[in-house]
Each structure stands twice: as structure tokens, then as C-alpha cells.
Amino acid sequence: MTGQEYAFAVLALVGTVSAIRLVTAKNVVHAALYLVVTLSVVGGVYLLLAAEFVGWVQILIYVGAIVILFLFGLMLTRAPIGREALDNQQRGIAFLIGLGVLGGLVFLIQGAFSWSGPRLRPSVGTTAELGQSLFRQWVLPFEAVSFLLLAALIGAVVLSRRDDRP
Amino acid sequence: MSATGIGPGFTRLAWVVAVLPLVSAALTLFFGKRTPGRGWIYGVTAVGAGFVLSLLVLWHFVQGGGATSSSVSWFTIGPLHVEAGQFVDGLTAIMLIVVTGISLAVHVYSIGYMQGDVRFTWFYVVLSVFTAAMLDVVIADNLIQLLVGWEVMGLCSYLLIGHWWEERINSNAAIKAFITTRIGDVPFMFGIFVLIAATGFHSASIQQVGELVGGADVSRGLVSVAALLLFGGTIGKSAQFPLHVWLPDAMQGPTPVSALIHAATMVAAGVYLVGRLYSVFLHAAPEVLRFVGVIGGITMFGAALLALVQDDIKRVLAYSTVSQLAYMVTAMSVGPPGRDAAFFHLFTHAFFKALLFLGAGCLIHAVHSNNMSEMGGLWRRMPVTFWTFAFGSAALAGVPPLAGFWSKDELLVAASKGHAVVFTLMLVTALVTAFYTTRMVMQTFFGPYRGHGEPHEAPAVMTGPLVALAFGTITVGFLGAAVTGGVFFKWVFFEAPEPVTFVLWVVTLSILAAGLGILAGWYVYRDQPEPDPAFQLGWLSSLLVNKFYLDEVYMHGIVLPVRDRASAAVVWFDRNVIDGVVNGTARLTKDLALGTDVFDRTVVDGAVNGVAQTAGFTGGLLRYLQSGNVQRYAAFLFVGVLVLAIVITRV
Amino acid sequence: MIRLPLVLFFSAALFSTGVYGVLARRNAVLVLMSIELMLNAVNVNLVAFSQFWHDVTGQVFALFVIAVAAAEVGIGLAIVILIYRNRETINVDEVNLLKW
């Protein structure tokens, strides 16, 4: 266990716990806050894995914008802020499925790499490398994504317009 | 007698005589009501033409030689081949003249007698059909054709007796006539079948049968059986004892019908039958002919006695007819000379009996009653009727030189040759005949008029035929008389013409008997004694008035037991057993149908509905998949992906 | 350095938690949040493998995922708001017009 591994272990623990709290919180705002924590932890993991651009983008976009969106959404839909049950009848099955998914994934992973597996030696991840790859090989998907964002933007505006023409 | 080829001239056309009335019947049926006069014109024309043609047939027959026949193929059943055709010999020619002549007289007479009748046109239709049927019997060359005409005659007789069927008594008489003759027709039919069988089922031709029975191939017993069975038909149709009971009741029909059918033609058919198939009778056991003679004798004498006590003039004539027919039958039993004599008597009897009936019709028409007790003193008011009736009665009584005398004489002559009992009986009956005939004339035409109303002479259309028939009564006798050569017997003979001889002692006895009878009748009835002496003979009177109680015997012995017991039994059987079977089958079918229905509803429909229900049920189960709940869909999705992932990567 | 399976286990944990959240939560916004969780788990996976294969493509794709996730959240929330406007509720249980 190296030092990074320890760090990673701590981060992973925090992230998992907050994720669990996210899906089980009774208070929607608490859930949103737990989301913030989880997203930040994930950002931290990125940094640990030497993916610096992705990490900061994560913080920027997710924590900075998306969480705000969620909070606005919660506010606009008068989400009940109180101790009401926020889970539905499917809880039991959902838990089982979740467990099953987890089990399946673990099974697959250990089948591929066994419990310890190879060690990562992060090498790539600098912004320059990312930029290079992005604007050379993957420029087309990049443009497509920008269209997608444009469409989403327009779509969101159109959708949430109040339809009160005279 | 053998038939040569197709005969000369008109003899070839004998069948036309029989067909003409059929055509006129059809015409009358379809157009009669619209024709002026309501349709008598067709019948009169047809029969009139037939009469002329019959004379021509006789004339050509006399010129040509021998009997002729021609026929066409009718039908074939197995080996039996039946033809339809004509057989023309002297007898045929004579019969044709008799039938068409009398029928013509009746057709003309009925124009007046049936005037205003409710079913005038229909009357003429049936009259024509009847004439056609009788002619068919007369010209038939085979037994099947004869049978057809025989049966059609029976039907027409029934229809005509019951012409005024609105009265119960008339329809009852018609039924009685039909059933009684039917009882005779059944053995007749079987007789025909026996004869056909004797030919080996090859043919029904009368000639072939005649030749066959004479040969050695056919057993005597078979021939005797056939003869007896055939005679059954005669007993029925010609009203011989014991089936004579229908003829007096048949007088309920219109008088022209009585004249034609029940005096001259249909009832003569039975006699004709015996004479036509005489070889069958000759070659049967001698007991058969003796039996024929016995029946004839009983009938002859008994009917004459019964005629004594009748008040209804038509009944006197009816019993007289029965008695005269029995004369012919008895004569037939004597042998071939008797056969020929019988045909001669048939010939003459047709004329004077028809005359008497038509005259009676005029009387009845005048006084509106059948009963002689309501007549009397009519000789002044109805002269034509009186004189013609007188001639007819004289002929019946056997007064020379009228026709009846000559024919009765021939009968006696035939019987005189070795048949003493028959001869004596004939003689005695002749006496009785003369007596009741005189009684009839005295009571009807002489003495004071005992009726009501104003009787007057009949119209010319009715007296005309009377005169014509009277003419015939006077003249035709000479055709067979010995003094004129007896040419009749050169035409009508069995195997060989017999010479007609004048036997003095027979003639004397015959005249004596007739004279005695007439005298006695005149003496007893000259003062119109009241009450009628005939009813004052104590037990004899009651026996005769009740017709020897024969009707009662039949009624209680046969009719009622059949109707009440046999019929009831058959009805019971029909209702319970047969209907039981039918209804049972129906019930079974219904139950089966019910069972099938239940099966269909529960099992079949159950299966079909079950399938539908299963589909619905599973659908109902499956619908829970479509909950509308997105998260549920997502759950399924994840499970599926998981499974897929594991399957793909590890399997 | 860090053993790969551990990172992958972490990603798996996040993912399955997200699955539970998608299936079990009533509030539509919370469901969207859980979806975000799942997407993040995927990203972690991508980045980990990118370092494993020494290929930056994984990280590029992680970027794309983030962009798409952002767009999706935007539209998703717009729709949720519309539903709220029409039905006064964003309880996914009650939005079941496509029920049988």
C-alpha cells in the first residue's frame, strides 16, 4: 500500500458513504449536498490519477454548474423539504438489483484482473495532451458535442417557456 | 280366335272411339264453363261421333273377315311386356255401339234433366271420362289395359253417384258403392296376376291367355283359381249376390247416371269380363262354372222378389237390373251357347233398361218424387213417356216381338239343353219379372193421380232419347232372332258361330210365363189397391222389405267390427307404436341435440373461452409490466443488462 | 501506484449506488441526481483505464461524458419543471399515464 493508495482509500470511502447517503437521504437538499460531496470526491480521485484537466473540469462543471441546476430544479418544483419518505415501493427490489449490479461488476472485475491486479502508473493526462488528442483525432465528436450543447440549450429554453400567447 | 293383321278400314280406328270422349272431357273441363250451354256440346259431339264411328267399325268388320288387333308397346317390367292396343271382333263392335249409343242418349237427355244443376259442367266431364273408360274396357286387348278402364269406371261411378254430395245420404251411397265394388276388385286383380303368371310373366294379352289355358302347360287348378278370382270382380261390379247391396243405394245418383252406368254399361262390364275370358272359365274345373251358376241363380231370383216390394221406382228398376244381369251370369255358366245368348241379352237389355230409367227420370222430373205411391194416372198427361215406357216394360217382361223377348228366349234355349234347374229358375223368374214390371206400370201410369202438383210432359231434349231408345228396343231384337237369321250370332260367338234355332216349346213356355205374370199384375193392381198388397204378405213382406236383412248382416257382421275394433286397433297401433317410434326418435334426437348443446356449450365453448380467458389472464398478469412507472422499467432494464453482461463475458 | 481493481471497485460501488437511487427514489430530481452518480462512476472507470493503457482517449471521452451529462441534466430538469407545471407533482409514481 503506497501513500497514494491510502489517499485513494480514504477518498473512496468518503465518496461511497456520501453516495449512499445521497440515495437514502430524506431531505432533498441534504441529498443535493451529498451530491456535491460525492462529485468533489470524484474530482479528487481524478487528480490522484493524474488526470488534471478532467479533474478540474469535473469540479468546474459538475460541482459548479450542475449542482446549481439541481438546486434550482428542487426549488422550482417545491420539493418537499422535510422528513417525508422519498423512496417508493420498489425499495426492496431496487436494493437487490443494486446489490446484484455491484456483485456482477465485482465479479467481472475480479475475473478480469483478480483482486490485486496491476498497478496503475499514470502517465498521460496533461492538458496539452488532452488538447492535442481532442483537436486532432476527436475534433468531429467535439463539434458534435458542441451542437448537442446548443440543442440542449435551445431545447431547455423552449421547453420551459410559459405558453401564454394572447 | 286368332288375330290377323290390321283390319280393313274403320276397324283400325276403333281406338279413336275410346279416345274421343277423353278429349271432350278435357275440353269440357277447361272450357266448359265458358261455352254457351255450359259445356254439354263437347261430350255430345264426341260421343255422337263415336257412335257413328262404331257403326262404321261394325260395318267394316262385317265386310272383312275375322278379328283383328293392333297395339303399341306400353311398358316392360322384367320379362313382362305389356302393350296398349285394341282387339276388334264382333263382340267389340257390338259393345262399342251399345256404349256409345246409350251414352249419347244419356248425354242428350242430361241437357234437359241436369239443367240448372250446380255442377252441370263437371257432370259432363265425369260422364265423358266414364264413357272413355268403358270403351277402353271393351276394346282392350290385354288385361292391364282392361284393369285401368275398370278402375276408372269405378271412380267415375263413385263421383257420379255422389254428384249431389251435399246430402249425406248421397255421399254414403257413393262410398258404399265404391267399397263394395272394391271388395270384388281385389280378387279380380289377383286373378289377373295369376293369369299373367300362367303366361310365365311374359304377357298380359287376352288372346295369349286364352290360348294358353286351353293348352296342357297350365294346370287346371291354376286356371280354376284364376277363374274364381276373376269372377270376384264380376260379383262386385255386376252386383251379384253377395255384393249386390250397392246397386239399389246407387240410385241416389242422378237418373241419367243410373241409366248409363247402372243399367247399360258399367254393371255389364262384369258380364263382359266373363264372356271375354270365357276360355279361362271353360278350362277351369267344372265346379267353377257351377259356382257361377249358383251365384247367378240366387241373385236372379232374389232380386226379382225384392223388386216386388219397392215403392221407389228407381229401386224397382235397380233390382230389376240386378236380376237381369244375373240372368246373363247364369247363362254364362251353361256353356258357350249360354255365353253368346248372354251377350245378346246384354245388348238388348242395355236398350230397354236405359229407356226405362230415362223414362223414370221424366216421371220423377214431373212429380218431383221417386215414389210410385205419389204417381198414377200419368198416361194422359205424359203420353210420350207413357208409350216409350210401355215398350220398355214390355221388353223387360219378355213380350214378343220386342227385343227383350228374343234375347230372353235365347237364354232359355241355351239353358234348356241339359240344365233343368237353371231353366226352371229362369222361367219362374221371368214370371216374377213380368209381374213386378206390370205392377210398376199400373201404379205409375194408371188409376187416379195420387201426388201433388201439376205433372207435365218432359221437354223434347229428354223425350227425344226416349223415342230413340224405344226404336232400338223394338228393332234390335231381330238381329238375334231365329226368324231373321240371327245375324248377331254370326258376329258374336265363342270359337265358332252357333246356328240359331227356333225351339217351339221353349218359346211357348216363355210367352206363357210372361203372359201369366202380366195378367196377375194387371189383376192385382188394376184398382190401385191401398195399401199395396205386396206389403201384406206377412213375414215374406218384412223379409223382402228388409232386403233379406243382408244390409244388417253386413253392417253388424263386417262394417261395425272393422270400424270399431279393427280400425280402432289399427289406430291404436298407429298412435302408440308407430307414432311412439316416431316421437321416440324425435325425443331421442332432441335429447341428443340437448346433450350436444350442453357439450358444445361447456366443453367446446369452454375450451374456446378458456383459451380466451387464459390469454386474458396472462395479459392481466403481463400488464403489470406496463405500470407506467419509469423506475420499474429501469429496474427491468438493469436486470437485463446485468444478465446479458454476465452471459456474454463469461459464457 | 494505485492498484487498478481498487479503482474499478470504487467505480462499481458508485455505479450500483446510482442504480439503487434511480430505482428507489420518488422525486424526479433525485432520480436525475442518481443518474449523475452513475455517469460519474463511468467517468472514473474511463480515466482509470486511460491511465492503464497510457492512452489519453479515455480522458477525452470522460470530457465528452461530462458535456453530455450537462446537456442531459439541463433538458431533464426542463422536462421535470414542465411536468411539475402540468401535474403539480414530480413524484414519478404519479406520472403513469402510460399505465395499462
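Hydrogens, waters and symmetry mates play no part in the numbers below; they use all other heavy atoms, side chains included. Letters go in sequence order (proteins before strands), and every chain restarts at 1.
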Would you mind checking which part of [X] comes under 4.5 Å of any heavy atom in chain A, side chain (CB onward), backbone (N, CA, C, O), both or neither?
X: C:I2; result: both
X: C:L14; result: side chain
X: C:I83; result: neither
X: C:L8; result: both
X: C:V7; result: both
X: C:A62; result: side chain
X: C:N43; result: both

Quick one, [X] and [Y] - any side-chain contact, counting heavy atoms below 4.5 Å?
X: C:L23; Y: A:I93; value: no
X: C:V56; Y: A:F53; value: no
X: A:F142; Y: C:L63; value: no
X: C:F10; Y: A:V41; value: yes
X: C:M33; Y: A:L74; value: yes
X: C:W53; Y: A:V124; value: no
X: A:L22; Y: C:T17; value: no
X: A:V28; Y: C:N27; value: yes

Picking from [options], which has the most non-hydrogen pairs under 4.5 angstrom with chain C?
options: A:L11, A:L105, A:L99; value: A:L105
options: A:P118, A:S133, A:A151; value: A:P118
options: A:I61, A:V101, A:L102; value: A:L102

Shorter than 4.5 Å, heavy atoms on both sides: which option in [options] has the most such pairs with chain A?
options: C:V68, C:I79, C:V60, C:V80; result: C:V60
options: C:I66, C:L82, C:L32, C:N40; result: C:N40
options: C:L4, C:V44, C:V73; result: C:L4
options: C:L37, C:D55, C:V19; result: C:L37
options: C:A78, C:G21, C:P5, C:A71; result: C:P5

Nearest 0.5 Å, please: how far is [atom2] in [Y] from [atom1] in [X]?
X: C:L6; Y: A:F8; atom1: CG; atom2: CZ; answer: 6.5 Å
X: A:M75; Y: C:I81; atom1: CE; atom2: CD1; answer: 8.5 Å
X: C:L77; Y: A:I66; atom1: CG; atom2: CD1; answer: 9.5 Å
X: A:T24; Y: C:R25; atom1: OG1; atom2: CZ; answer: 6.5 Å

Could you tell me which portion of [X] (side chain, backbone, both or neither) has an atom closer than 4.5 angstrom to a non-hydrogen atom of chain C?
X: A:V42; value: side chain
X: A:T126; value: neither
X: A:A7; value: neither
X: A:A144; value: neither

For this session: Describe, in one word, how the ring planes of A:W115 and C:F9 are oriented to each other, choosing from parallel (under 30°), tilted (30 to 60°) and perpendicular (over 60°).
Result: tilted
For this session: Could you label the plane-to-plane angle of the A:F113 and C:F49 rings as parallel, tilted or perpendicular, counting under 30° as parallel and over 60° as perpendicular?
Result: tilted
Problem set entry | Greater than 12 external heavy atoms within 6.0 Å of A:F95's CZ | no
For this session: Count the heavy atoms of every other residue, nucleotide or ligand shown that sit under 6.0 Å from CZ of C:R87, and state whether that count exceeds 12.
Result: no
Exercise. Do any N or O atoms from the side chain of C:Q51 and from the backbone of A:S123 form a donor-acceptor pair under 3.5 angstrom?
Worked result: yes
Exercise. Taking C:Q59 for the side chain and A:L130 for the main chain, is one N or O donor matched with an acceptor at less than 3.5 Å?
Worked result: no
Closest contact, heavy atoms only, [X] versus [Y]:
X: C:F64; Y: A:L134; answer: CZ-CD1, 3.7 Å
X: C:A24; Y: A:A94; answer: CB-CB, 3.9 Å
X: A:I109; Y: C:A12; answer: CD1-CB, 4.2 Å
X: C:A13; Y: A:T16; answer: CB-CG2, 4.2 Å
X: C:A67; Y: A:V145; answer: CB-CG1, 3.5 Å
X: C:V47; Y: A:A51; answer: CG1-CB, 3.7 Å

